[in-house]
There are 2 protein chains.
Amino acid sequence: MEAGMRNLFDSLGYSLGKASQAMAERFAPVLEPYGIDSRQFGILCVIGRNPGISQKSIGTNMRVDRTTMVALVDALESLGYCERSRSREDRRSYAIYLTARGKELTDELWGAMREVEDLTLDELPREVQDALLAVAATIQRKRRT
Amino acid sequence: MEAGMRNLFDSLGYSLGKASQAMAERFAPVLEPYGIDSRQFGILCVIGRNPGISQKSIGTNMRVDRTTMVALVDALESLGYCERSRSREDRRSYAIYLTARGKELTDELWGAMREVEDLTLDELPREVQDALLAVAATIQRKRRT
DNA sequence: TATTGTTATACTCTATAACTATA
DNA sequence: TATAGTTATAGAGTATAACAATA
């Protein structure tokens with residue numbers, strides 16, 4: 001290999017990033033009509049699995065700063081997807097729940113996400129697909145030893 | 001499945017993002033002493049494989065706006081990793097080349113990146129590893145049919 | 001004294017508009 | 001007239017500091 005002649009497609013990190021980016025870009029227009037982005041969809045999923053969770057805990061779980069959480073949850077609440085109520089155990093924090101509409105939307109979007117994932121895998125450049133296969137092969141090899 | 005109870009780890013997109021993020025975060029401190037970030041490392045790789053490439057072409061290749069390219073290449077040049085010279089065919093654009101030091105650094109960092117990739121795959125949460133295996137299985141199934 | 005949520009503010013990053021030089 | 005590179009600037013997104021309420 002001649003000095004400096006490195007092909008980014010041979011990098012697992014680069015290929016993982018490309019695949020991740022491709023899915024995000026295909027999913028974004030699906031979410032857009034509902035007024036949310038992929039991070040907010042993630043928040044809905046976390047609330048759904050953890051009814052009564054606090055903003056702080058969601059942020060810790062998703063690596064989102066607590067000051068950033070405020071506006072994200074504000075929007076979800078004003079759109080009618082979740083509700084804040086003061087926690088009984090610790091009245092500094094909120095207990096957050098999905099509304100019926102929020103549960104409905106989460107399920108609907110989850111199905112749409114599955115379709116996006118399936119389509120996106122098809123559309124990935126061959127080199128990226130190959131890199132993902134290499135990632136899996138490495139994981140399996142590590143587990144066998 | 002109860003309404004709204006969706007586990008993000010069951011999302012391929014989420015897991016791909018987590019894996020990508022984990023690699024980026026582990027690679028960043030390796031690059032930091034050299035004054036560059038992962039995107040600039042990518043630029044070095046692209047220049048290395050395409051000696052004489054223009055800023056515009058690099059940007060198109062890596063989805064980076066041309067106005068954003070300026071500062072990125074400025075830094076790489078002032079650090080002595082690449083050089084701009086006016087293109088002979090089209091004197092509006094630059095022909096960009098890696099310096100000897102730039103080639104050296106690219107090779108060195110490429111090796112470090114391989115180690116990071118290997119270590120990071122080990123450290124990924126089990127659920128993320130499983131999702132990556134599922135991605136590979138889906139790709140292989142699609143190819144067989 | 002520490003923590004949750006909040007607001008205001010400063011900072012970073014990126015893209016838009018306008019310019020120069022070449023084509 | 002269009003394009004590569006550049007600069008200045010505005011915009012979006014995020015984190016820091018400070019405050020109120022509660023622990």
Side-chain angles (χ1 to χ4, degrees), chain A residues 17-18 20-21 24-25 27-29 31-32 35-44 46-47 50-79 81-97, chain B residues 17 20-21 24-25 27-29 31-32 35-44 46-47 50-79 81-98:
Chain A
K18 280 289 172 194
S20 169
Q21 186 183 34
E25 286 175 5
F27 195 29
L31 298 173
E32 199 271 338
I36 65 173
D37 61 20
S38 62
R39 190 169 50 175
Q40 286 170 307
F41 174 66
I43 291 175
L44 291 181
V46 170
I47 299 171
N50 304 278
I53 193 174
S54 70
Q55 279 185 203
K56 169 75 185 222
S57 295
I58 299 172
T60 302
N61 186 308
M62 302 193 63
R63 294 198 184 196
V64 177
D65 189 274
R66 73 195 161 124
T67 66
T68 305
M69 284 298 302
V70 178
L72 296 175
V73 176
D74 276 353
L76 293 176
E77 190 171 32
S78 70
L79 287 165
Y81 303 143
C82 70
E83 284 174 336
R84 288 189 254 225
S85 67
R86 281 290 167 192
S87 168
R88 300 217 169 172
E89 297 101 44
D90 183 343
R91 294 180 48 218
R92 291 173 301 184
S93 67
Y94 289 128
I96 310 183
Y97 301 89
Chain B
S20 169
Q21 185 183 32
E25 285 176 5
F27 196 29
L31 298 173
E32 199 271 338
I36 65 174
D37 61 20
S38 63
R39 190 170 49 174
Q40 286 170 307
F41 174 67
I43 292 174
L44 290 181
V46 170
I47 299 171
N50 304 277
I53 193 173
S54 70
Q55 279 184 202
K56 170 75 186 226
S57 295
I58 299 172
T60 302
N61 186 307
M62 302 191 62
R63 296 200 184 190
V64 177
D65 188 274
R66 72 193 164 124
T67 67
T68 305
M69 284 298 301
V70 178
L72 296 175
V73 176
D74 276 353
L76 293 176
E77 190 172 33
S78 69
L79 288 165
Y81 303 142
C82 71
E83 284 174 338
R84 288 189 254 225
S85 68
R86 281 289 167 196
S87 168
R88 300 216 169 172
E89 297 100 44
D90 184 343
R91 292 180 48 220
R92 291 173 300 184
S93 67
Y94 288 127
I96 310 184
Y97 301 89
L98 292 187

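In what follows, chains carry the letters A, B, and so on, assigned in the order in which the sequence lines appear, proteins first and then strands, with residues in each chain numbered from 1. Note that the structure is a prediction, hence the values are computed from the model and not measured.
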[N] [atom2] sits how many Å from [X] [atom1], rounded?
{"X": "Met69(B)", "N": "dC13(C)", "atom1": "CE", "atom2": "P", "result": "16 Å"}
{"X": "Glu77(B)", "N": "dT6(D)", "atom1": "CD", "atom2": "C1'", "result": "14 Å"}
{"X": "Asp37(B)", "N": "dC13(C)", "atom1": "CG", "atom2": "P", "result": "9 Å"}
{"X": "Ile53(A)", "N": "dG5(C)", "atom1": "CD1", "atom2": "C1'", "result": "15 Å"}
{"X": "Asn61(A)", "N": "dT4(C)", "atom1": "CG", "atom2": "P", "result": "15 Å"}

Open item on the list: Strictly distance-based, threshold 3.5 Å: is any side-chain N or O of Asn50(A) a donor or acceptor partner for the main-chain N or O of Ile53(A)?
Closed with: no
Task: Expected output: side-chain Arg86(A) to main-chain Arg92(A) donor-acceptor under 3.5 Å - done: yes
Just the table, please: protein N/O against nucleotides 17-23 of chain D N/O, every pair under 3.5 Å.
| residue | atom | partner | partner atom | Å |
| --- | --- | --- | --- | --- |
| dA23(D) | OP1 | Arg91(A) | N | 3.0 |

Task: Which residues share a side-chain hydrogen bond (donor to acceptor under 3.5 Å, both in side chains) with Ser87(A), sequence neighbours left out - done: none
Residue pairs fulfilling salt bridge (charged side-chain N to carboxylate O under 4.0 Å, His left out) with at least one residue in [range], sequence neighbours excluded:
{"range": "residues 67-79 of chain B", "value": "Asp74(B)-Arg84(B), Glu77(B)-Arg84(B)"}
{"range": "residues 51-60 of chain A", "value": "none"}
{"range": "residues 59-72 of chain A", "value": "Arg63(A)-Glu25(B)"}

Open item on the list: Can you tell me if Tyr94(B) touches the phosphate of dT22(C), counting only side-chain N or O atoms and a distance under 4.0 Å to OP1 or OP2?
Closed with: no
Open item on the list: Strictly below 4.0 Å: does Arg84(A) bring a side-chain N or O up to OP1 or OP2 of dT4(C)?
Closed with: no
- [ ] For the pair Val64(A) and Ile58(A), evaluate side-chain contact (heavy atoms from CB on, under 4.5 Å) and give the outcome as yes or no after the intermediate values.
- [x] CA-CA 8 Å; Val64(A) 177; Ile58(A) 299 172; over 6 Å; no
Task: Flag for Ser57(B)-Thr60(B): side-chain donor and acceptor within less than 3.5 Å - done: no
Task: Sugar-phosphate, base or nothing in reach of Arg86(B), heavy atoms under 4.0 Å - done: nothing
TODO: Check whether any side-chain heavy atom of Ile36(A) sits under 4.5 Å from a side-chain heavy atom of Leu44(A), and report yes or no.
DONE: yes
Just the table, please: protein N/O against nucleotides 10-14 of chain D N/O, every pair under 3.5 Å.
| residue | atom | partner | partner atom | Å |
| --- | --- | --- | --- | --- |
| dT14(D) | OP1 | Arg39(A) | NH1 | 3.0 |
| dT14(D) | OP2 | Arg39(A) | NH2 | 3.0 |

